Number of protein chains: 2
Amino acid sequence: MWMDDRSAQAAMPEEAWTIPEVAVAVDLAILTVRSGALKVVLVERGIEPFAGMPALPGGFLAHEAEDVEAAAFRELTEETGLSPESLHLEQLRTYGAPDRDPRRRVITVCYLAFVPGLPSPTAGGDAADANWVPVDAVLRKRSRLAFDHKKILADAVERARSKLEYTTLAAAFCPPEFTVSDLRQVYEIVWGEELDPRNFHRKVTSVAGFLVPTGGRTSRGGRPAALFRRGPAEVLHPAILRTPSRTGRR
Amino acid sequence: MWMDDRSAQAAMPEEAWTIPEVAVAVDLAILTVRSGALKVVLVERGIEPFAGMPALPGGFLAHEAEDVEAAAFRELTEETGLSPESLHLEQLRTYGAPDRDPRRRVITVCYLAFVPGLPSPTAGGDAADANWVPVDAVLRKRSRLAFDHKKILADAVERARSKLEYTTLAAAFCPPEFTVSDLRQVYEIVWGEELDPRNFHRKVTSVAGFLVPTGGRTSRGGRPAALFRRGPAEVLHPAILRTPSRTGRR
DNA sequence: CCAAAAGTGTTACAGGTACACCCATGG
DNA sequence: CCATGGGTGTACCTGTAACACTTTTGG
């Protein structure tokens with residue numbers, strides 16, 4: 001009873017007990033903040049099942065020896081044309097329900113990527129932009145995604161919302177140089193909630209290592225705003241909490 | 001370029017392009033707080049590779065159609081003899097480096113389980129208890145685990161420490177009825193940090209839905225302590241933060 | 001000069017820390 | 001009656017929310 005299941009099974013000649021092999025896919029929820037909305041890259045499926053239906057970009061491992069993380073980076077660069085060094089990519093979760101692909105057994109290791117928004121970067125082709133879809137529309141309507149991708153996207157968005165609270169990842173949605181207002185818009189758009197500009201400014205500029213002033217200024221209508229770059233900090237102390245999180249108090 | 005990789009490949013007859021299939025394992029970091037230490041279940045491997053070396057319990061999918069989550073529950077009950085309904089089990093992360101198993105390509109979907117500690121439960125056989133090993137010893141020393149299990153365990157412990165901050169999961173380490181002191185000991189042992197008993201008491205009893213008084217009392221040396229059951233709350237507002245988390249402040 | 005956005009100051013309050021103090025039991 | 005652990009009261013401090021107010025641009 002206290003024996004290692006795997007050891008027990010592998011103790012017999014390995015050909016005698018067949019270890020089930022399944023196809024392993026990698027799917028990506030690539031998020032950005034653009035045109036005032038949180039958007040995700042979707043692709044249209046060409047074949048059954050779910051032909052013609054939107055889906056998260058992804059694919060099977062390219063070959064048996066491909067690293068799962070490497071496959072995620074490969075898909076990310078294929079979809080965005082961006083160099084992966086500058087992007088944030090993290091594993092979200094693995095989805096392994098036996099019936100999630102009607103063709104065969106597939107489990108998918110899903111990743112979450114944050115790419116900068118406002119100034120559309122290097123790969124700003126027209127066809128490319130059409131693949132960015134507002135997540136609100138995808139999640140709220142009866143719009144459906146292939147496979148269990150709607151659930152995956154919902155998990156990804158919730159993870160993103162949560163990570164803004166206690167990490168500096170919001171800056172990953174911003175261009176290399178950005179203002180405090182840009183950053184606040186990221187929070188407001190991802191959280192769907194307005195923040196006080198004055199208090200927000202004080203808060204983020206007081207966290208050591210979050211924002212590094214470049215000395216530059218931008219003017220977009222009013223008093224010019226100072227420009228910042230991302231600092232080395234990755235965690236936020238203290239965190240910036242969503243107000244819903246404190247409404248459930250007592 | 002903007003075509004779904006999977007669709008493109010599957011568009012040809014499926015036998016023409018061979019989708020690589022890999023073996024999928026499920027490994028568990030089963031944690032408890034017992035005898036004043038955070039402990040994990042380890043098993044001894046019977047065969048190469050890593051024969052005789054301790055490893056996290058786990059195994060391959062039992063058959064091609066087995067749900068990954070179901071496999072995790074199966075392993076958990078096999079290892080602990082506990083009914084899974086009462087236990088906390090969550091997916092930790094998937095580890096998919098191509099060389100993590102020298103025999104063949106294996107990716108492992110890892111889970112994290114919290115089981116109650118102090119009163120050793122139903123399956124309290126002697127052999128069983130020998131499998132509980134303090135995580136400190138496993139992580140600090142040059143003690144090694146099979147495969148990448150040491151890294152997996154480190155990730156699991158960090159996840160556990162973090163989840164105590166903002167969820168009510170510490171109670172999952174406690175028996176059905178417990179005192180505030182029991183709960184505080186869980187925090188102190190998992191975090192390796194002493195907490196003020198007076199402030200801790202006030203904090204946890206003031207979070208709505210965390211602790212439900214049963215009316216019972218226990219006496220273990222001093223004034224009897226009130227007994228509590230787990231309440232319905234799953235998140236902690238406000239969170240109970242580790243002091244290290246605020247030292248990195250400015 | 002006026003609108004608009006950036007940024008600072010200030011007050012009120014919530015929650016945390018530290019610790020003095022009282023309570024209830026066993027020996 | 002004393003040691004031990006349970007539990008409450010309270011003063012101080014940090015950080016947030018709300019908002020008045022000043023600054024600096026464009027039109």
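Here the structure is a predicted model, which is why all the values come from computation and not from measurement. To find a chain, count down the sequence lines: A is the first, B the second, and so on, and within it residues start at 1.
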Taking CG from B:Leu236 and P from C:dG16, how many angstroms apart are they, rounded to a whole number? 11 Å
Look up atom OG1 in A:Thr218 and atom CG in A:Leu227, then write down how far apart they are to the nearest 0.5 Å. 3.5 Å
Among the candidates D:dG26, C:dG15, C:dT8, find the nucleotide nearest to the side-chain atoms of B:Pro238. C:dG15
Can you check the A:Ile240 CD1 to D:dT16 P distance for me, whole Å? 9 Å
Between B:Ser181 and B:Arg184, is the side chain to side chain donor-acceptor pair (under 3.5 Å) condition met? List the steps. CA-CA 5 Å; B:Ser181 270; B:Arg184 178 170 46 85; 3.2 Å; yes
Per the under-4.0 Å heavy-atom filter, residues of residues 221-233 of chain A near DNA chain C come out as A:Gly222, A:Arg223, A:Pro224, A:Ala225, A:Ala226
Salt bridge present between B:Asp155 and B:Lys151 (N-O < 4.0 angstrom): yes
Tell me whether the side-chain N/O atoms of B:Arg217 come closer than 4.0 Å to OP1 or OP2 in C:dT25. no
Do B:Arg202 and C:dG15 share a donor-acceptor pair, side chain to base, under 3.5 Å? no
Below 4.0 Å: OP1/OP2 of C:dA6 and any side-chain N or O of A:Ser181: yes
Rounded interatomic separation in angstrom, taking NZ from A:Lys203 and P from C:dG9: 18 Å
Enclosure of B:Glu158 CD (heavy-atom neighbours >12, cutoff 6.0 Å): yes
Rounding to a whole Å, what distance do you find between A:Asn199:CG and C:dT11:P? 15 Å
For A:Phe200 and C:dT8, give me the distance from atom CZ to atom P, rounded to whole Å. 14 Å
Give the rounded distance in Å between these two atoms: CG of B:Asp196 and P of C:dG16. 13 Å
Please report the distance, rounded to the nearest Å, between CZ in B:Arg220 and C1' in C:dG27. 18 Å
Does a nitrogen or oxygen in the side chain of A:His201 sit under 4.0 Å from OP1 or OP2 of C:dA6? no
Once rounded to the nearest 0.5 Å, what's the spacing between atom SG of A:Cys110 and atom CG of A:Asp148? 7.0 Å
If you look only at pairs with a residue in residues 199-232 of chain A, which of them pass as a ring pair (Phe, Tyr, Trp, His ring centres under 6.0 Å), with sequence neighbours excluded? A:Tyr187-A:Phe200
Between D:dT23 atom P and A:Arg198 atom CZ, what is the distance in whole Å? 16 Å
Please table the atom pairs, donor to acceptor, closer than 3.5 Å between any side-chain atom in residues 229-236 of chain A and protein atoms at least two apart or in another chain.
from	atom 1	to	atom 2	distance (Å)
A:Arg229	NH1	A:Glu177	OE2	3.2

